[in-house]
Amino acid sequence: MFFKDSWSLHFLLKNTLFYVLGDDEIKNCDRKLFIILLFVHFFPIKCIVCLINKMTVETTTLNTGAKLPLFGLGTWQSKDEAELKVALRAALDAGYRLIDTAFLYQNESIIGEILEEYIQSGKIKREDLFITTKLSFTAHAPQDVAKAVDLQLKALRLDYIDLFLIHTPTPFKHQDGNFLPIIEDGVFVVDTTPHIETWRELEKLYHSGKLRALGVSNFSAKQLQALYDAAEVKPSNHQIELHIYWPQEELRALAKKLNITVTAYAPLGSPGRKAARPDGVWPEGDPLLEPIVKKLAEKYHKTPAQILLRHLTQEGISAIPKSTNPDRIVENISIFDFKLSTEDLEALRTQVTSRVRLFLADFAAHHPFFPHEDVDTSKAPRVVLKLH
Ligand code: A2P
């Protein structure tokens, strides 16, 4: 409804009459209120917030020349159709333009429906969106890559993907006729296709225009450097676990040297991660509760989540917090109206002493390409990731 209630309508009409015809005293006294009311009626508060946000999401430039938003919506674990649709609409209305997904998240077709809804209705132009998705770890074999990408384009209802990443450096074999992993003795069955062979196929898709930029995720520094050296189309982005407890200095320095942008997953410490393992066992750590984060939240009149996100974007890192809650979706994007001082950025670096990798990737601990030298794979429990 255009008018929220009959009282407002009555008040508006009354004031219009006073304004047009009215006696001077009433006219002067009510003018300000009248203008405010008109404004609120025509632009509900949420729209005003959205308009501000839409203008201000900062970007960084990929080595292709394309602009990567420094902020977007993560969708790992967002699989409930109704919930994800509400979340996507809330995000797009609030000014999100970067949506991050993956074949393995099993939600590309839901995302595709909403993207089509917004593009076809003219609410958003395709070229203003930035869609990142990732190759399944079961589709690294050269004969599978183009097939997987075509399936993903179809699910997303797009004819190109803005950024396409190799999801993990650890490929696994898939079942006949689909890309679901084969499980034997409680673990995924290893595939040893070298990264560069998968990359060569991605390069072909880059040249065909289906993939506008290529990148990787969860690679070690050695793996990233080796791929970079062998690649004809250089990687544009590396998506890694990155938050105050796992600041990834080595990978960030290497990415900077190679002109590769960085995307932070789990920027809030992924409070909902425990649902993703059948045994629920994860390293402990909650950056949202860190004392310095809370202190800065009070100082800047922001929430702990906004402090965690802003400290990343201020350093040129793209952050993709996952949320399906419309209020938190708006909260998370509302970070481009303040800046942390240099001293406060430094305080986040020096006063946070915990170091904890929250995503061990131990579903791949038996893989010869397992990337994390700091993880003791001999102690890793044999579990398979819950693909949900
Ligand atoms: P929800 O989807 O209910 O909002 P990360 O991006 O680090 O992986 O974190 C995602 C998790 O953090 C989800 O469980 C999400 O829950 C929660 N979350 C997202 N935004 C906020 C916020 N602003 N404050 C607290 N928790 C949040």
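Remember, it's 1-based here, ligands and their atoms both numbered in the order they're listed.
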Pair up each side-chain donor or acceptor in residues 249-257 with any protein partner under 3.5 Å, not counting sequence neighbours, and list the distances.
| residue | atom | partner | partner atom | Å |
| --- | --- | --- | --- | --- |
| R252 | NH1 | P247 | O | 3.0 |
| R252 | NH2 | E315 | OE1 | 2.7 |

side-chain hydrogen bond (donor to acceptor under 3.5 Å, both in side chains) partners of T350, counting only residues at least two apart
none
I'd like to know whether the aromatic ring centres of F137 and F188 sit less than 6.0 Å apart in this structure.
yes
Which residues pass the side-chain hydrogen bond (donor to acceptor under 3.5 Å, both in side chains) test with D162, sequence neighbours left out?
R126
Quick check on the 6.0 Å ring-centre criterion: do W199 and Y206 meet it?
no
Find all protein N or O atoms under 3.5 angstrom from an N or O atom of ligand 1 and list the pairs with distances, or write 'none'.
| residue | atom | partner | partner atom | Å |
| --- | --- | --- | --- | --- |
| ligand 1 | 2 (O) | K322 | NZ | 2.8 |
| ligand 1 | 2 (O) | T324 | N | 2.9 |
| ligand 1 | 2 (O) | T324 | OG1 | 3.4 |
| ligand 1 | 3 (O) | R328 | NH2 | 2.7 |
| ligand 1 | 4 (O) | S323 | OG | 2.5 |
| ligand 1 | 4 (O) | R328 | NE | 2.6 |
| ligand 1 | 4 (O) | R328 | NH2 | 3.2 |
| ligand 1 | 6 (O) | K322 | N | 2.8 |
| ligand 1 | 7 (O) | P267 | N | 3.4 |
| ligand 1 | 7 (O) | L268 | N | 2.9 |
| ligand 1 | 7 (O) | G269 | N | 3.3 |
| ligand 1 | 7 (O) | S270 | N | 2.9 |
| ligand 1 | 8 (O) | S270 | OG | 3.0 |
| ligand 1 | 14 (O) | G272 | N | 3.3 |
| ligand 1 | 20 (N) | N332 | ND2 | 3.0 |
| ligand 1 | 23 (N) | E331 | OE2 | 3.0 |
| ligand 1 | 23 (N) | N332 | OD1 | 2.8 |

List the atom of F359, the atom of S270, and the distance in Å for their closest heavy-atom pair.
CZ-OG, 3.6 Å
